[in-house]
Protein chains: 2
Amino acid sequence: MTRKKVKLAFIANDSSRKATYKKRKKGLMKKLNELSTLCGINACAIIYSPYDSNPEVWPSNSGVQRIISEFRTLPEMDQNKKMVDQETFC
Amino acid sequence: MTRKKVKLAFIANDSSRKATYKKRKKGLMKKLNELSTLCGINACAIIYSPYDSNPEVWPSNSGVQRIISEFRTLPEMDQNKKMVDQETFC
DNA sequence: AGAACTATCTATAATTT
DNA sequence: TAAATTATAGATAGTTC
């Protein structure tokens with residue numbers, strides 16, 4: 001996306017792929033932090049990769065645990081359909 | 001970030017905040033999709049907001065469920081420390 | 001292997017429709 | 001309100017050190 005447009009496909013070259021991963025992971029975490037701060041919302045992200053020994057998370061392990069606990073309390077069906085009461089709000 | 005620099009703070013104006021949320025959420029999901037594709041990694045994100053009746057997720061509800069299940073299988077301590085065997089790989 | 005640089009691509013704030 | 005536009009801030013591919 002800069003010196004040349006990047007084709008949206010797996011980067012075959014190992015070192016290029018790792019370099020891109022490190023840069024983009026950093027950028028993504030920054031974006032998520034900005035979204036959360038600017039809009040006052042809760043969010044989390046978990047990223048697995050061979051480059052990090054443990055999953056990279058945002059905002060923190062405890063923050064992720066809190067949000068996924070909430071996510072799991074949603075009945076399976078409600079995770080896909082709109083809920084009427086909140087629909088009214090939006 | 002464009003016509004004017006944005007201060008990293010909660011956007012007080014309701015309509016501006018909502019507009020920013022919608023744009024940035026879309027951008028974030030695109031970035032996560034790109035990271036996953038380019039680098040061949042597994043990742044997920046969950047975003048809660050008053051603008052969407054249900055949490056917005058990437059890549060899908062089932063994908064999120066799969067990844068958080070894996071995350072939860074990590075012993076609490078391992079979620080923060082480096083693991084020696086993978087350290088060698090990186 | 002990284003850290004830094006920089007040219008240029010992308011995301012998006014403000015504006016218009 | 002929401003979608004489209006556009007000017008500009010930000011992210012990053014390729015390169016250098």
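Just so we're on the same page: letters track the sequence lines, and every chain starts at 1. Values below: every heavy atom of this structure, side chains too, minus hydrogens, waters and symmetry copies.
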Remember a base hit wins even if backbone is also touched, and classify B/T20 as base, sugar-phosphate or nothing at under 4.0 Å, heavy atoms. sugar-phosphate

For B/K30, answer base if it contacts any base atom (sugar-phosphate contacts may also be present), sugar-phosphate if it contacts only those atoms, and nothing otherwise; contact means non-hydrogen atoms under 4.0 Å. sugar-phosphate

Nearest whole Å is fine: how far is [N] [atom2] from [X] [atom1]?
X: A/K23; N: C/dA4; atom1: NZ; atom2: P; result: 12 Å
X: A/K26; N: C/dG2; atom1: NZ; atom2: P; result: 14 Å
X: B/K4; N: D/dT8; atom1: NZ; atom2: P; result: 13 Å
X: A/Y21; N: D/dG14; atom1: OH; atom2: P; result: 19 Å
X: B/N13; N: C/dA13; atom1: CG; atom2: P; result: 13 Å
X: A/K22; N: C/dA4; atom1: NZ; atom2: C1'; result: 16 Å
X: A/K18; N: C/dA3; atom1: NZ; atom2: C1'; result: 14 Å
X: B/L38; N: D/dG14; atom1: CG; atom2: C1'; result: 15 Å

Listed partners of A/Y48 passing ring pair (Phe, Tyr, Trp, His ring centres under 6.0 Å), at least two apart: none

Of the options [options], whose atoms approach the side-chain atoms of [X] most closely?
X: A/K5; options: C/dA13, C/dA11, C/dC9; answer: C/dC9
X: B/V6; options: D/dG10, C/dT10, C/dA13; answer: C/dA13
X: A/T2; options: C/dC9, D/dG14, C/dT10; answer: C/dC9

Does a distance-only test, which skips hydrogens and angles, find a donor-acceptor pair under 3.5 Å between the side chain of B/R3 and the base of D/dT6? yes

Does the side chain of B/S69 come under 3.5 Å of the side chain of A/R72 through a donor N or O and an acceptor N or O? yes

The single option from A/K7, A/R24, A/K23 that satisfies salt bridge (Lys or Arg N to Asp or Glu O under 4.0 Å) with B/E34 is A/R24

With the side chain counted from C-beta on, respond yes when B/L32 and B/C44 share a heavy-atom pair under 4.5 Å apart, and no when they do not. no

Co-membership, hydrophobic cluster, residues A/L8 and A/I11, 4.5 Å side-chain: yes

